[in-house]
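These notes are about the structure you will find just below.
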Amino acid sequence: MQEKKALKEEKLKQEEKYMWAIVDGVKEKVGNFRVEPPGLFRGRGEHPKMGKLKKRIHPRDIIINIGEDAPVPECPIPGERWKEIRHDNTVTWLCYWSDPINPKLFKYVFLAASSSLKGQSDKEKYEKARLLKDYIENIRAAYTKDFTSKDITKQQIAVATYLIDKLALRAGNEKDDDEADTVGCCTLKVENVTREAPNKLQFNFLGKDSIKYENTVEVELPVYNAILKFQKDKGPSDDLFDKLDTNKLNTHLKELMPGLTAKVFRTYNASFTLDDKLAKDTKDGDVAEKMVVYNHANKEVAIICNHQRSVSKSHSAQMTKLNEKIDELQAVLKELKVDLDRARKGKPPTKSSDGKSKRNLAPEALEKKISQTNAKVEKMRRDMMTKEDLKTIALGTSKLNYLDPRITVAWCKRHEVPIEKIFNKSLIAKFAWAMDVDPDFRF
DNA sequence: CCAGAGACTTGGAAAAATCTTG
DNA sequence: CAAGATTTTTCCAAGTCTCTGG
């Protein structure tokens with residue numbers, strides 16, 4: 001126990017010198033500063049490079065970015081040296097090296113999420129999403145008009161934008177053959193969308209991280225007809241939007257709003273939904289009740305964004321266990337009721353199942369016990385429902401990446417919910433820039 | 001335009017830390 | 001206080017999007 005703690009402190013001390021960077025005179029936390037150890041590459045889904053050997057990274061692979069007059073960090077491996085030292089103040093990375101699996105890609109060391117640099121860009125991201133509020137009406141009107149455009153490129157842009165707006169789909173960049181075969185909006189294949197007359201579309205594809213997206217939605221008739229047209233005379237594996245790629249789409253979006261790209265819709269959709277749900281569903285009540293409302297809104301966002309997780313290995317065992325516990329409590333309840341009846345008649349309580357005799361309790365005391373046990377059973381039932389309900393839904397991703405923290409902070413202030421109930425320590429650090437928001441803030 | 005290089009955000013799984021409970 | 005459950009952190013893969021040079 002003691003040794004463990006000492007060991008941990010020793011490790012921390014060793015790493016301390018790698019944990020901070022001075023940026024414009026301010027000491028900022030560094031993100032992950034370790035190179036990845038050699039091993040076998042584990043891609044996700046059907047990755048062509050699965051199991052490939054990932055070779056060791058050496059100092060000679062690493063390019064360092066540091067201030068002109070700052071001392072260059074000492075190379076930790078004797079006899080070796082860094083690949084290159086750069087002084088580029090137009091980028092935020094502290095160093096990078098080539099990805100050993102795909103040399104066209106790079107691995108970077110950046111500042112931590114809690115740094116002011118990341119915080120500032122996070123805030124800008126949400127401000128951009130908020131700006132979309134002012135444009136969304138026109139954007140929707142514009143693409144609705146183009147659902148029937150005779151210019152097929154325009155028509156495809158309109159339908160794609162609609163799907164990104166309505167379903168929070170990702171943009172869908174082109175992928176190489178040496179990557180897992182997944183799609184986003186612009187890369188949807190004919191086979192990923194099935195029409196269900198008269199006006200439903202059934203989506204079925206593998207998205208980012210090869211997570212399955214399955215959703216059937218009712219759409220406007222012109223959209224349905226446009227999809228019909230885009231699918232006509234094509235094979236199942238042909239591109240649905242053959243006149244489109246993310247570049248064309250984003251170029252078009254930028255004409256509608258400065259800085260607008262496809263991913264902004266996801267942020268907008270997520271944050272707008274949270275703000276809206278919280279405003280509509282928050283009632284008077286204690287902190288626990290308000291947290292139920294928050295988590296419910298959070299869940300809705302996670303479903304919109306299709307943030308999934310695999311069911312934990314022990315899930316069904318845990319459910320069984322909880323059920324057994326409830327059964328036990330039910331038995332206890334039954335016995336308490338019998339004893340209550342007897343107590344009211346002045347009789348002594350029954351013997352407990354193991355044969356021991358119980359204390360002689362007043363009816364009032366038994367009543368209290370019964371209501372306590374009832375409450376316990378109710379709580380367990382609720383916990384079980386929530387657990388089952390959330391077994392495949394990941395709430396964390398949206399909290400970390402899509403929900404404007406100012407919505408949460410302001411809501412907490414308005415409803416006297418301590419922020420620590422919603423954000424853990426690292427989220428509070430990451431969202432430091434949002435903590436002093438006005439309680440009246442709305443997304 | 002267009003492809004490729006580059007830089008940054010987003011993502012789920014697994015490991016580690018912490019909390020709960022019998 | 002240990003086992004189990006839950007939460008947090010770490011890990012690193014996989015996206016998005018910009019920029020640049022031809």
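Here is how names work: the chains are called A, B, and so on, in the same order as the sequence lines, proteins then strands, and each is numbered from 1.
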Just checking [X]: base, sugar-phosphate only, or nothing, at a heavy-atom cut-off of under 4.0 Å?
X: A:Lys325; result: sugar-phosphate
X: A:Ser314; result: nothing
X: A:Pro103; result: nothing

Rounded to the nearest angstrom, tell me the gap between atom [atom1] in [X] and atom [atom2] in [N].
X: A:Arg44; N: B:dA13; atom1: CZ; atom2: C1'; value: 7 Å
X: A:Asn401; N: B:dG12; atom1: CG; atom2: C1'; value: 12 Å
X: A:Arg266; N: B:dT9; atom1: CZ; atom2: P; value: 16 Å
X: A:Lys243; N: B:dC1; atom1: NZ; atom2: C1'; value: 16 Å
X: A:Met384; N: C:dT6; atom1: CE; atom2: P; value: 12 Å
X: A:Tyr18; N: C:dT10; atom1: OH; atom2: C1'; value: 19 Å
X: A:Leu94; N: B:dG6; atom1: CG; atom2: C1'; value: 16 Å
X: A:Lys104; N: C:dA14; atom1: NZ; atom2: P; value: 14 Å

Contact under 4.0 Å: [X] side-chain N or O vs [N] OP1/OP2:
X: A:His47; N: C:dA14; answer: yes
X: A:Lys248; N: B:dC2; answer: no
X: A:Lys125; N: B:dC8; answer: no
X: A:Lys49; N: C:dA13; answer: no
X: A:Gln308; N: B:dG11; answer: no
X: A:Tyr402; N: B:dG11; answer: yes

Worksheet item: Sub-3.5 Å donor-acceptor pair from the side chain of A:Lys128 to the main-chain atoms of A:Thr261, do we have one?
Response: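 No; judged by distance alone, with no hydrogens or angles, the pair does not exist.
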Under a 4.0 Å threshold between the charged nitrogen and the carboxylate oxygen, would [Y] count as salt-bridged to [X]?
X: A:Lys49; Y: A:Asp178; result: yes
X: A:Lys325; Y: A:Glu328; result: no
X: A:Arg44; Y: A:Asp209; result: yes

Can you tell me which nucleotide in [options] comes closest to the side chain of [X]?
X: A:Ser310; options: B:dG11, B:dA13, B:dG6; result: B:dA13
X: A:Asn32; options: B:dA7, C:dC11, B:dC8; result: C:dC11
X: A:Phe110; options: B:dT9, B:dG11, C:dA14; result: B:dT9
X: A:Thr92; options: C:dC12, B:dG11, B:dC8; result: B:dC8

Worksheet item: With a 6.0 Å cut-off on ring centres, are A:Phe205 and A:Tyr213 close enough?
Response: yes
Worksheet item: A:Asp389 pairs by side-chain contact (heavy atoms from CB on, under 4.5 Å) with which of A:His296, A:Lys299, A:Met384?
Response: A:Lys299
Discussion item. Judged by each residue's nearest nucleotide on DNA chain B, which is more toward the 5′ side, A:Leu400 or A:Asp88?
Written reply: A:Asp88
Discussion item. Can you work out whether A:Arg42 or A:Lys118 has the more 5'-proximal nearest nucleotide on DNA chain B?
Written reply: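 So the residue in question is A:Lys118.
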Item to complete: Taking the side chain as every heavy atom from C-beta outward, state whether A:Ile164 and A:Leu249 have any pair of such atoms under 4.5 Å apart.
Response: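 In contact.
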Worksheet item: For A:Thr408 and A:Tyr294, does a side-chain donor sit closer than 3.5 Å to a side-chain acceptor?
Response: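 Indeed, the side chains of A:Thr408 and A:Tyr294 share at least one donor-acceptor pair under 3.5 Å.
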Worksheet item: How does protein contact run along nucleotides 15-22 of chain C, one letter per nucleotide 5' to 3', with B for base contact, S for sugar-phosphate only, - for none, heavy atoms under 4.0 Å?
Response: SBBS----
